[in-house]
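This report refers to the structure that appears directly beneath it.
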Amino acid sequence: MAQNGRAVKVVALAGGVGGAKLLVGLDAGLGGNLTAIVNTGDDDSLYGARICPDLDIVTYWLAGIADERRGWGIAEDSFSVMDSLGRLGSATWFRLGDRDFATCIHRTQRLSEGATLSGATDEIRRALGVRTQVIPMSDDEVRTQIVTRDGETLAFQEYFVRRRADVDVARVVFAGVEDAKPAPGVVDAIEAADRVIVCPSNPVVSVAPILALPGVRGALAAHPSVVAVTPIVRGAPLKGPADRLLKGLGIEVSASGVARLYSGWCKTFVVDGSDAVEAERAEGAGMRTVILDTIMSDRDASARLAESLLSL
Ligand code: FO1
């Protein structure tokens, strides 16, 4: 991809699996000219290690080693450590594969040696042969918490994995975000990008935490070419709890509902071909809407969607 002789620079905002699939398509077309800014609100400390699910999901998919059936973790991974921890009486509801655990242990080790999360993340993606630059949204601790209707406050993994997202959500809190700043290079990358792409990640717990960091929303609002891909098709997410979270927050579970959430900084909103009725409804949110095939059923589909997004 080149624009007047210079390689096109693209920045993508991403969360979990939906973001990872599109990043794979973008990486194929852009090589080293893609920067992924990834949500860290889902992070936690479990088994004595720092777990960064979205950073690892994105890195493993880009490295071609992801367990693409489950969406997270490493393909063909063993779970010997989990099984042994379970036998010793540890709670192992969050199941980490052995090689996945090694990534978390290495990250924990590097952090204890004084590395920043973005430094450790860059080392890991290079070690796994990933060309795309993977940057955590912040090097500071931001933790997404789910407040339920009966007043419980759940850490994200507690909510998503242990409780299977089967609770009534009253509020979503990004604990620590008021004292956090974007990781080094995040705002610069957005400002220097020819195009910013917001992946079809969960708008409430993957995209919103990134936007909550100081300077990010302003940089996006000032950028002339910000394209977001709908995470909702025909009233439902392709994966994950986005519908329950949107409903809990009183936001319509539709492509146009998400477009309205993104108004103010998003310039073009991509609706799925099977959901075209949502296109004119999204136009009402004050942005250009485009209809594409957003279902990334395989790598070719991801590459086709990426190609379309880059040529908008
Ligand atoms: N999701 C589950 O539903 N069950 C698990 O046991 C689980 C383990 C896990 C380990 C590493 C990792 O990077 C992700 C993992 N996930 C698991 C998915 C994770 O909870 C969510 O995908 C993200 O937090 C949201 O994108």
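Any value given below was found using the heavy atoms of this structure, including those in side chains, with hydrogens, waters and symmetry copies removed. For ligands, and for the atoms within them, numbers begin at 1 and follow the listed sequence. Quick caveat: nothing in here was measured; it's all calculated off a predicted structure.
At a heavy-atom cutoff of 4.0 Å, ligand 1 is contacted by the side chain of Asp100 but not by its backbone. For Ile51, no heavy-atom contact with ligand 1 is shorter than 4.0 Å. In Val17, neither the side chain nor the backbone holds a heavy atom less than 4.0 Å from any atom of ligand 1. The proximity of Ile57 to ligand 1, defined as any non-hydrogen pair under 4.0 Å, is limited to the side chain. Only the backbone of Trp93 comes within contact range of ligand 1, with a heavy atom under 4.0 Å; no side-chain atom does.
When atom types are taken as modelled, the side chain of Glu158 and the backbone of Arg163 share no donor-acceptor pair closer than 3.5 angstrom. The backbone N or O of Arg234 lies less than 3.5 Å from a partner atom in the side chain of Asp275, making a donor-acceptor pair.
Residue-ligand proximity, Asp42 to ligand 1, at heavy-atom distances under 4.0 Å covers atoms 23 (C), 24 (O), 25 (C), 26 (O). Atoms of ligand 1 lying under 4.0 Å from any heavy atom of Gly16, numbered from 1 in the order shown and given with element: 26 (O). In summary, the atoms of ligand 1 found under 4.0 Å from a heavy atom of Leu96, numbered by their order in the structure, are 10 (C), 11 (C). With ligand atoms numbered from 1 in the order given, ligand 1 contributes 19 (C), 20 (O), 24 (O) to contacts under 4.0 Å with heavy atoms of Gln157.
Between Tyr159, Trp72, Phe79, it is Trp72 that holds the heavy atom closest to atom 7 (C) of ligand 1.
Looking at Ile190 and Leu220, their side chains come closer than 4.5 Å, going by heavy atoms from C-beta outward.
No salt bridge links Arg304 with Glu307; every basic N to acidic carboxylate O contact stays at or beyond 4.0 Å. A salt bridge links Asp140 with Lys181: at least one charged nitrogen is closer than 4.0 Å to a carboxylate oxygen. Salt bridge status for Asp122 with Arg126: present, with a side-chain N to carboxylate O gap under 4.0 Å.
The protein atom (non-hydrogen) at minimum distance from atom 13 (O) of ligand 1 is Pro53 CA, 3.3 Å. Annotation: atom 26 (O) of ligand 1 to nearest protein heavy atom, Asp54 OD1, 2.9 Å. For atom 21 (C) of ligand 1, the nearest non-hydrogen atom of the protein is Phe160 CE2, 3.5 Å. Regarding atom 3 (O) of ligand 1, its nearest protein heavy-atom neighbour is Val161 CG2, 3.9 Å. The protein atom (non-hydrogen) at minimum distance from atom 6 (O) of ligand 1 is Arg95 N, 3.0 Å.
Between Tyr262 and Trp265, the ring-plane angle classifies as tilted under the 30° and 60° cut-offs.
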**OP:** Start with the C-alpha distance between Thr92 and Ser90, add both sets of side-chain angles, then the distance that settles side chain to side chain donor-acceptor pair (under 3.5 Å), and finish with yes or no.
**Re:** CA-CA 6 Å; Thr92 55; Ser90 282; over 6 Å; no
**OP:** Start with the C-alpha gap between Thr230 and Phe269, add the side-chain angles, then the distance that decides, and say whether side-chain contact (heavy atoms from CB on, under 4.5 Å) holds.
**Re:** CA-CA 7 Å; Thr230 182; Phe269 191 76; 3.7 Å; yes
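Just one of Ile57, Thr59, Ile65 meets the side-chain contact (heavy atoms from CB on, under 4.5 Å) condition when paired with Trp61; it is Ile57.
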